[in-house]
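Report on one structure; see the data block that follows.
Computation of the quantities below employed the complete heavy-atom set of this structure, encompassing side-chain atoms and omitting hydrogens, waters and symmetry-equivalent molecules.
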Amino acid sequence: MWSPDEIASICYNHFNKLPKRGKPEAGREWTLLAAVILLTDSSDQKTVHKQVVSLGTGTKCIGQSAMSMKGDVLNDSHAEVIARRGCVRYLTEQLYRAVSGQSSDVFCPGTEKGKWTVKPGVSFLFFTSQTPCGDASIFPMTGSQAQPCEPVKAGQKDESERRGLKRQAESELEETRPGPGMKTSDDNHSSCRKSRDSNQDEVIIENKECNQLNEVSHFQPDVKKVCPPDLHRTGAKCVPDGPADPLKPGLLYHSVGVLRVKPGRGERTLSLSCSDKLARWGILGIQGALLSHYLQGPICFSAVVVGKGSYSHQAMERALKTRCSHVRGLPSGFSVCAPELLQASLEFTHNHTHTESKHTHSQGRISPCGAAISWSAVSQQPLDVTANGYKQGVTKKALGTLQARSLISKVELFHSFLKLVAATEDSHLPETIHGKDLRTYWDYKQAAETYQQAWTQLRLQAFPLWPRSPRELLLFH
């Protein structure tokens, strides 16, 4: 009905049709792309209509000190997160149309009062041009792949740990300096892992074949020396108070299966890696707590497609599915989703590899694009371009004002949700909202009882070290 290459092509073509604003400068800047695709079965179920409903680009993240108590700053501008937030914007408008008696491409009435469900034959697919940062991008390198960071020698403190790694697709160069909170990741098949006992972190170890190759090169001077196997690394750091990376040479550099936060320039962020967020969405859904008030169950991705590049199916399985596969006791409507994991053979032409191939010395250093693009299939202002968490181009004087807000910031999505509530007839309001004295963003999130119960079970059973956002950052109106 659809192929990974078809999905990649649809996403790349959609990006190419967008205005130039926010796009990387050819030969000097690179970026990453992610998108959410709406799949709708035809009436005869012989064909599937495919529509991009949200697209995002971006590589950066802001540090904790730059976060706002007004909810008006984008904390995480990695492409995957931008695409998901744009999808929430799309879903909010689709629900607004449904409660207003208009036609919705996504929702039909549910069986519970004030609740809606996804129409039969409708599903959502996620595309990302590169393996998500964090756990999914940790696996052994194969062949002649280049490590973006210098190999770590035994007994030597890795300089990259002091300086902050760069997101790898991206990160094949030491010359690429990361922006605030930029992440690094790359991928390939991971086949040499061993598991200690169930209470310890899995550590990737060197395999026998690699040792034999090194022995051959040692005793035969005419044979080109084979470098010790190395590991694709991620710039995302292990969460505080949890297991740390061994930081040993080669395949012993990282622990796997652990939660990670995205790095900032000189400052740790509170943003979890994209691998962790995708794993969470696999149980809680992509709609978030607010829209859960209106839905009978979460909306999860039926498949995740990754563009051409370094990739490991085993690492993707571990990061996005295995870590949560044992979760039980979820409330009604919630379950452990297992999206199909696929890779396309088409590469994003604005990634680091293509940018490097077009680069000329006169352009200076290659760098990540500072802007993040969000496009949503909504009726008004579908395009939103930001930099450093605010609308691109705003002056320092305008920071903190309405004009500087991204349309996918927490406060803007909250206000869109409040418009949805206001448009709903009192008799059709969900029970979790009807007659309740809810005022702040925090109030409405906490009132989504079933969603919060599911999140509690996920946290207890799979992610006990998941950092909690400070409450004071969620008390805006």
Side-chain angles (χ1 to χ4, degrees), residues 36 38 40-41 43 51 53-54 70-72 84-124 281 284-300 330-335 376-382 384 402 405-455 474-477:
V36 178
L38 174 70
T40 308
D41 292 342
S43 56
Q51 177 191 0
V53 295
S54 176
K70 298 178 181 179
D72 59 348
R84 180 259 170 182
R85 297 188 72 81
C87 184
V88 171
R89 191 178 173 213
Y90 168 77
L91 294 173
T92 303
E93 181 171 288
Q94 288 295 311
L95 276 170
Y96 185 93
R97 293 180 62 85
V99 303
S100 302
Q102 304 173 55
S103 63
S104 168
D105 294 333
V106 179
F107 299 110
C108 62
T111 57
E112 301 174 24
K113 177 188 174 184
K115 296 283 189 175
W116 299 82
T117 187
V118 174
K119 288 180 176 181
V122 170
S123 61
F124 291 88
W281 299 339
L284 300 185
I286 59 173
Q287 77 291 328
L290 298 184
L291 295 189
S292 292
H293 285 287
Y294 279 83
L295 301 180
Q296 268 188 216
I299 300 174
C300 296
L330 294 168
S332 177
F334 287 81
S335 63
S376 300
V378 294
S379 57
Q380 297 182 2
Q381 295 182 278
D384 185 60
L402 182 63
R405 289 180 186 171
S406 165
L407 297 172
I408 57 171
S409 63
K410 283 188 177 72
V411 67
E412 285 296 312
L413 291 179
F414 180 43
H415 288 172
S416 295
F417 173 76
L418 292 179
K419 290 177 182 177
L420 168 64
V421 174
T424 308
E425 291 184 17
D426 192 63
S427 59
H428 292 157
L429 279 172
E431 295 290 347
T432 49
I433 294 176
H434 188 267
K436 304 291 177 65
D437 183 23
L438 306 174
R439 301 181 182 182
T440 67
Y441 179 73
W442 166 271
D443 292 339
Y444 278 94
K445 282 176 66 75
Q446 294 304 305
E449 297 172 358
T450 307
Y451 180 93
Q452 294 300 341
Q453 291 167 11
W455 182 207
L474 307 173
L475 296 178
F476 52 85
H477 294 270

Residues in side-chain contact (heavy atoms from CB on, under 4.5 Å) contact with [X], at least two apart in sequence or another chain:
X	result
Asp426	Leu429, His434
Lys70	Ser68, Asp72
Thr450	Pro331, Phe334
Thr440	Trp442, Asp443, Leu475, His477

In chain order, what residues pass the side-chain hydrogen bond (donor to acceptor under 3.5 Å, both in side chains) check against [X], with sequence neighbours excluded?
X	answer
Ser104	Gln94
Tyr441	none
Ser123	none
Ser376	none

- Message: Among Val411, Leu413, Leu407, which residue satisfies the side chain to side chain contact (heavy atoms under 4.5 Å, CB included) criterion with Ser409?
- Response: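 Exactly one candidate clears the test, Val411.
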- Query: Out of Val122, Val118, Val99, Thr117, which residue meets the side chain to side chain contact (heavy atoms under 4.5 Å, CB included) rule with Phe107?
  - Reply: Val118
- Note on the structure: Closest heavy-atom pair, His293 versus Phe417, reported as atoms and distance to 0.1 Å, is CD2-CZ, 3.9 Å
- Of all pairs that satisfy salt bridge (Lys or Arg N to Asp or Glu O under 4.0 Å), the ones with a partner from residues 84-113, not counting sequence neighbours: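 As it turns out, the salt bridge (Lys or Arg N to Asp or Glu O under 4.0 Å) pairs with a partner in residues 84-113, which skip direct neighbours, are Lys113-Glu431.
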- Query: Does Tyr96 have any ring pair (Phe, Tyr, Trp, His ring centres under 6.0 Å) partners at least two apart in sequence or in another chain, and if so, which?
  - Reply: none
- Query: Does Trp455 have any ring pair (Phe, Tyr, Trp, His ring centres under 6.0 Å) partners at least two apart in sequence or in another chain, and if so, which?
  - Reply: Trp466
- Message: Could you check whether atom CD of Gln102 has more than 12 heavy atoms from other residues, nucleotides or ligands sitting under 6.0 Å from it?
- Response: yes
- For Gln51 and Thr40, test the side chains for any donor-to-acceptor distance below 3.5 angstrom and give the result as yes or no.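 There is no such pair (donor and acceptor under 3.5 Å, judged by atom type) between the side chains of Gln51 and Thr40.
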- Item | Residues Ser406 and Glu412: side-chain donor-acceptor under 3.5 angstrom |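 No, no side-chain donor-acceptor contact under 3.5 Å.
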